[in-house]
Structures are given as C-alpha cells and as structure tokens.
Participant: 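Pasting a structure here, questions to come.
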Amino acid sequence: MVSATKQVPEPADGHPAAAAQPAAPASPGPQSPAPESPESPAGPPRGQSAVFRAGIWVRRGRIVTARVLRLVRIGAARVLPTIRYLLRALHRRWRRSLQFRTVLTTLMLAIGSFVVVGAYLSNQIANNLFQERLAQAESETRYNVKQVQDTFDGAQVTDQSSVITLVYDTLNAVEGRGSVIQRRYVFEAMPEQTKPRNRWVESRASDQLTISVIPPDLRKAVQESGKDQFWASTEFPVGTEDRPGIAVGNKVTFNGTVYELYLIYDLNTAQKTLDEIQNVLLAGAAVLALLIGAVAWYVTRNVVSPVSHAAVVSEKLAAGQLQERMVVKGEDEVARLGASFNHMAASLQEQITQLATLSQMQQRFVSDVSHELRTPLTTVRMAAEVLYDAREDFDPINKRSAELLYHQVERFQSLLADLLEISRFDAGVAVLDAEPTDIIQLITHVMEGVAPVAAEYGSEVTLNAPQGSVVVEMDDRRIDRILRNLVLNALEHGEGRPVNISVAANGTAAAVAVRDHGIGMTSAEAARVFDRFWRADPARARTTGGSGLGLSIATEDAKLHNGWLQAWGKRGSGANFRLTLPLRQGEVITKSPLQLEPADVNLDGGGEGRQMMLLLDQAAPVPGTPAEGPHETKEQP
C-alpha cells in the first residue's frame with residue numbers, strides 16, 4: 001500500500017490560524033470524531049503543546065545522557081586502574097625478564113611475518129579466482145549474446161503475445177541454471193529512442209532483479225558503445241543476502257528496438273572458497289605462531305635459566321652467603337660457564353676468608369697492643385709530667401729534653417686513644433648514647449675550648465646560627481669530638497685566615513658547616529680525606545694532632561648517628577666540611593639544610609638570627625669592650 005502526503009502551503013501573512021483550517025473527512029463514518037460542542041473547554045494551542053512535549057523530551061534526553069555519562073565514568077574509574085596495573089606489570093616484566101622479552105619479540109616478529117605473507121597469498125588467490133571467473137564470464141556472455149541476437153534476428157512474430165513469449169523463452173535459455181557459474185539477466189530498453197509500434201517488451205529481469213543492481217558506469221559504457229562488451233563488479237540480492245558478482249553488458253536489437261542485456265554471474269561460490277582458504281591460513285598461522293612461541297620459550301629457557309640462576313647465586317654471594325654455588329649439568333658452554341663461576345666463587349671465598357681472618361687478627365692486635373700500652377704509657381706520662389714540672393731546675397739541654405718528652409707523650413696518648421676508639425668501631429661495640437641536645441650550645445662550648453689554639457694561629461672564628469635553639473637527638477660527646485676535630489683542622493690549615501661556622505635546620509635534619517680559607521685541597525684529596533692515616537702532605541710538620549685518625553673517627557661517629565660528613569675543597573680557596581644529622585633518631589636524611597660548596601664566605605642557607613664572633617687580637621680590641629684575656633665572645637642580636 002502506497003500513501004501520499006500533501007503539504008498545505010503556509011499563508012502569506014504567516015499567521016498560524018490561517019494555516020490551521022481543518023480538512024473535511026473523506027467519508028463520514030462511525031469512526032469519525034464528533035464535532036466539538038461550543039460549550040467544551042478549549043485546549044492549549046497545538047503549537048504550544050508540541051513545544052511543551054519537545055521540551056519534555058529534551059529534558060529526558062539530557063537526564064538519560066547524564067546517567068549514561070555517569071555510568072561510563074564509573075566504569076572507566078573501575079577499569080582504568082586494572083588496565084594501568086596490567087600495563088605496569090607487563091612493562092616491569094619486559095624490563096626484568098630476558099626470556100619474556102625474547103619470546104614476546106619472537107612472537108611479534110612471527111605474527112608480523114604471517115600477516116604480510118598471508119595478506120600476499122590471500123590477495124594472489126583472490127586475484128587468480130576472480131580472473132578465472134571473469135574470463136569464463138566474458139566467454140560465456142559472448143556466446144549467449146550471439147545466440148540471443150540470432151534468435152531475435154530470425155524471429156517471425158508480429159503479435160504481442162508471441163513477442164512476449166519469444167523474449168521470455170530466449171532470456172530464460174541464457175539464464176544458465178545448473179551450470180558452473182549461475183547467470184542472471186537484466187533486459188532493459190535503451191532510453192531516448194523512438195518507440196516502434198510493435199515494442200511490447202520494455203524491461204525484464206530474473207529473480208525480481210532491477211536495473212538498479214547494474215553500476216551506472218557500466219550502463220553508460222554500454223549505452224555509448226557499439227557492439228563492444230563491458231563488465232563491472234557488483235552486488236545483487238539473493239533472498240535475504242547480498243552476493244558478489246560480475247555484470248557483463250552488451251547491446252541486442254529486436255524489431256528495431258535497442259536493448260541493454262546484462263548477464264550477472266554469481267561469485268558466491270568463489271567467495272566461499274576464498275573465505276575457507278583465508279580461514280585455513282589464519283588457523284595455520286595461529287598454530288604456527290604458538291609452535292614458534294613454544295620453541296622460542298624452550299630455547300631461551302635453556303639459555304636464560306643458567307644466566308638467571310647465576311644472577312641469583314651472585315646476589316647471594318654479594319649478600320655474604322659465600323657457600324652458594326651454581327648447579328652444573330652437561331659439558332656444553334653453559335656448563336663450562338657454571339664451572340668457571342663456581343671456581344671464581346671458591347677463589348673469592350678463600351680470599352675473602354683470608355682477608356677477614358687477617359683483618360680480625362689486625363684488629364685484635366691493635367686492640368691488644370693499645371690496651372697493653374695504656375699501663376706503661378701512664379707510668380711514662382707521670383714521669384714526664386714530673387720532669388716537665390721540674391724543668392726550670394735543669395740545664396737548657398735537659399730542660400728542652402723534658403719538654404719534648406712531655407709533648408710527645410701527650411701525642412702518643414692521643415694516638416693511643418684514637419686507636420682504641422677505632423678498634424671499638426671495628427669490633428662493632430660502639431654504642432650511641434643519644435638524647436635531645438641544643439647543638440648551638442655545643443658549638444659554643446667547642447669554640448670556647450679551641451680559643452687558645454685559635455689565638456696561637458691568629459685566626460678569627462665566627463658563628464652564623466639561627467635564633468633560638470636547634471635540638472637534635474645525638475650523643476653530645478661524639479658530636480663534640482667531631483666538631484672539635486673539624487674546627488682544629490680548619491685552624492691548622494687556615495693559615496691565620498678567618499674560620500666560619502654555619503648552622504641551619506629543616507624539618508628533618510640539622511647541618512653544621514666549618515669553612516676555612518687556607519691552603520685548600522683538590523677534589524681527589526677531598527675524596528680521601530676521611531681515610532685512616534692519610535695526609536695530603538705527609539712531610540708537612542704539625543703542631544697539633546697529626547695522627548691521621550681524627551677524621552676517620554669523625555666519619556664513624558657520623559655514621560653511628562645515621563648522618564653525613566662530607567668535604568669540599570679547592571686549592572688556594574680553602575675547604576668546607578659539612579656535618580648533617582637527623583633531628584630524631586631513626587629518620588632518613590634526604591637533603592641537607594646547607595650546601596656543601598660555598599658560594600662565598602657566608603654559606604647560603606645559614607641562619608640570619610644569631611652571629612657570634614671570637615676575638616683573638618689583644619692589641620686591637622673591639623671598641624667599648626675590655627681586652628682582658630686571650631679571647632672574648634660577642635653575641636649580636
């Protein structure tokens with residue numbers, strides 16, 4: 001049933017009432033609505049009602065869209081973390097597993113090769129099948145078109161029924177049912193030609209086909225040609241499916257009328273054959289990829305497993321499990337590698353054991369000798385003190401000998417104390433007695449203690465620290481020893497120039513920097529300055545210290561606090577030593593509050609609240625202050 005809809009034109013003035021004239025019903029009947037009575041209430045205008053309903057549907061659409069978007073967001077929020085976790089796990093596996101990387105790379109290369117080869121083979125097979133069907137279709141079309149034209153030329157029919165019957169029988173004969181390639185036809189009179197009086201057939205087609213299944217380009221080529229034959233690929237419906245085919249077109253003449261005759265060849269059988277071949281290629285490629293993956297896994301497992309086992313054994317050896325060895329099987333290259341690895345591990349174990357035994361013997365020897373020397377050294381020290389106190393009664397030679405004996409015994413006792421402390425660190429019996437202490441007060445105490453040495457060298461010691469206090473959980477005895485050692489070294493190597501001490505703190509750490517402006521040191525010397533018994537210039541005379549163990553002990557004290565002790569130096573520009581300690585025991589230091597390499601005399605990052613200066617020149621006291629002693633401290637707000 002075909003229905004037509006007629007649109008009523010809108011009036012010129014655009015008034016809606018003029019366009020809303022009701023149409024009279026075609027035929028009155030029981031279904032026709034009764035006319036409205038004048039008393040019935042008038043409803044809203046039709047335009048306003050449509051707008052109202054459209055607004056409701058728009059709001060409903062917005063609500064549905066918002067709900068869908070919310071569901072999409074919820075789904076994405078639940079799915080994306082899983083995808084990210086899988087990607088991170090895959091990336092981590094790719095970086096850490098040589099076997100996984102090798103197998104996956106092999107599979108990807110194999111799949112890529114199969115895709116290229118499969119696409120090439122599929123294209124070649126499809127082209128060959130199509131060319132074969134096309135050649136057969138062109139040959140059969142020429143033969144059948146010649147038969148049709150011969151039949152039309154020899155026909156002696158004049159009445160309408162005979163013409164229709166002849167055309168019907170001739171076209172059914174070329175339809176080709178039961179042949180290898182099923183043919184269908186479309187028979188159409190060419191447009192724009194004079195109609196003869198006996199043309200009773202305009203068009204005809206098999207299986208309810210229409211001329212619309214013929215590509216326009218093919219029709220144009222056939223219409224503009226003479227007796228040439230043309231073809232084109234097309235699709236035509238068969239039942240409920242569309243099938244691929246080849247349409248071959250020619251012209252035929254019947255009773256003075258020129259017709260277009262198209263024979264359509266079904267390629268569904270060829271398409272099914274091609275699909276089966278592609279499925280076989282796909283299945284074969286999948287099976288072959290699995291086989292290649294399995295072979296790659298097996299081969300890489302035989303090669304990578306010993307390497308992985310060697311890595312595990314190496315980690316255990318590095319952790320101190322020197323008895324670990326690799327399992328050696330066979331006599332191939334991997335087995336020789338494992339045997340060589342085991343031989344290397346045994347040699348290393350033997351050497352490490354010898355070195356450990358020798359180190360223990362040395363540590364025990366140093367500890368025993370140090371303890372044994374304490375008693376005779378105490379006696380010698382007491383005798384040296386007696387001689388030193390009575391040196392005024394001696395002649396000049398004996399007096400000088402008494403002074404040398406006293407000072408050398410003092411240095412010997414200091415060296416012995418350092419050796420005993422080092423032996424405690426080596427034995428692992430050093431104990432940290434930490435409690436909250438103000439590090440600024442400790443530095444002030446150190447400055448007061450080194451004042452005589454500073455006066456002797458003629459160096460000025462200044463302190464740059466923040467206002468208030470900086471409380472650190474530390475062993476004040478050990479930190480006092482570190483700071484005293486750093487300040488004395490700065491005075492000794494400062495060549496009479498100022499020594500600056502800076503203090504700063506952040507949320508997790510406190511730092512103290514001791515900066516001198518003396519001879520300095522190179523970066524290579526700064527890297528070795530904390531080694532035991534190391535000196536930058538072994539021939540240089542020292543008047544204080546000089547054992548070469550002070551900075552080593554300071555380093556061990558800093559490590560005992562989980563802190564840092566670092567050095568910077570430049571030849572001719574001085575040196576800077578920075579001690580960084582955690583504010584609370586157990587915390588990890590991530591950044592020091594003070595920089596190691598100083599920008600100028602005052603270190604960047606130092607506090608700007610409290611400045612303390614140690615004045616040492618008695619001949620030039622600060623105006624307004626008495627010069628009563630060798631040193632004086634002045635605190636500025």
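Just so it is clear, the structure is predicted and the values come from calculations on it, not from any experiment.
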Participant: How far does CG of Leu483 sit from CD1 of Ile501, to the nearest 0.5 angstrom?
Facilitator: 7.5 Å
Participant: Indicate whether any N or O donor in one side chain lies under 3.5 Å from an N or O acceptor in the other, for Asn489 and Asn485.
Facilitator: yes
Participant: Hey, which of Gln354, Glu324, Arg325, Gln323 is the one that makes side chain to side chain donor-acceptor pair (under 3.5 Å) with Gln349?
Facilitator: Arg325
Participant: Return yes when atom CZ of Arg95 has more than 12 non-hydrogen atoms of other residues, nucleotides or ligands closer than 6.0 Å, and no otherwise.
Facilitator: yes
Participant: When the ring planes of Phe530 and Phe577 are compared, do they come out parallel, tilted or perpendicular, using 30° and 60° as the limits?
Facilitator: perpendicular
Participant: Under the criterion side-chain contact (heavy atoms from CB on, under 4.5 Å), I'd like the reasoning laid out for Leu288 against Phe114: C-alpha separation, chi angles, the key distance, then a yes or no.
Facilitator: CA-CA 9 Å; Leu288 192 57; Phe114 294 157; 3.2 Å; yes
Participant: Would you call Arg336 and Glu331 a salt bridge, taking side-chain N to carboxylate O under 4.0 Å as the test?
Facilitator: no
Participant: How about Gln99 and Arg93: does a side-chain donor come under 3.5 Å of a side-chain acceptor?
Facilitator: no
Participant: In Å, rounded to the nearest 0.5 Å, how long is the span from CG of Asp389 to CZ of Arg391?
Facilitator: 7.5 Å
Participant: Take atom NE2 in His343; do more than 12 heavy atoms of anything else shown fall under 6.0 Å from it?
Facilitator: no
Participant: Could you tell me whether Arg78 atom CZ has more than 12 heavy atoms of other residues or ligands within 6.0 Å of it?
Facilitator: no
Participant: Please determine, by modelled atom types, if Asn500 and Thr462 share a side-chain donor-acceptor pair under 3.5 angstrom.
Facilitator: yes
Participant: Can Thr508 and Glu587 be counted as having a side-chain donor-acceptor contact under 3.5 angstrom?
Facilitator: no
Participant: Take Val450 and Leu488 through the test side-chain contact (heavy atoms from CB on, under 4.5 Å) and record every step on the way to the result.
Facilitator: CA-CA 7 Å; Val450 301; Leu488 288 175; 3.8 Å; yes
Participant: Could you tabulate the donor-acceptor pairs under 3.5 Å formed by side-chain atoms of residues 295-307, not counting sequence neighbours?
Facilitator:
{"residue": "Thr300", "atom": "OG1", "partner": "Ala296", "partner atom": "O", "Å": "2.6"}
{"residue": "Thr300", "atom": "OG1", "partner": "Trp297", "partner atom": "O", "Å": "3.1"}
{"residue": "Asn302", "atom": "ND2", "partner": "Tyr298", "partner atom": "O", "Å": "3.4"}
{"residue": "Ser305", "atom": "OG", "partner": "Arg301", "partner atom": "O", "Å": "2.6"}

Participant: Quick check for you: to the nearest 0.5 Å, what is the distance between Met108 atom CE and Thr105 atom OG1?
Facilitator: 8.5 Å
Participant: Using side-chain contact (heavy atoms from CB on, under 4.5 Å), reason through Glu556 and Ile553 one step at a time and then give a plain yes or no.
Facilitator: CA-CA 5 Å; Glu556 298 294 339; Ile553 296 174; 5.7 Å; no
Participant: Would Asp516 and Arg497 pass as an ion pair if we require N to O under 4.0 Å?
Facilitator: no
Participant: Between CG of Leu387 and OG of Ser401, what distance do you get to the nearest 0.5 Å?
Facilitator: 10.0 Å
Participant: side-chain contact (heavy atoms from CB on, under 4.5 Å), that's the test. Do Phe100 and Leu90 meet it? Break it down for me.
Facilitator: CA-CA 10 Å; Phe100 177 78; Leu90 183 63; 3.3 Å; yes
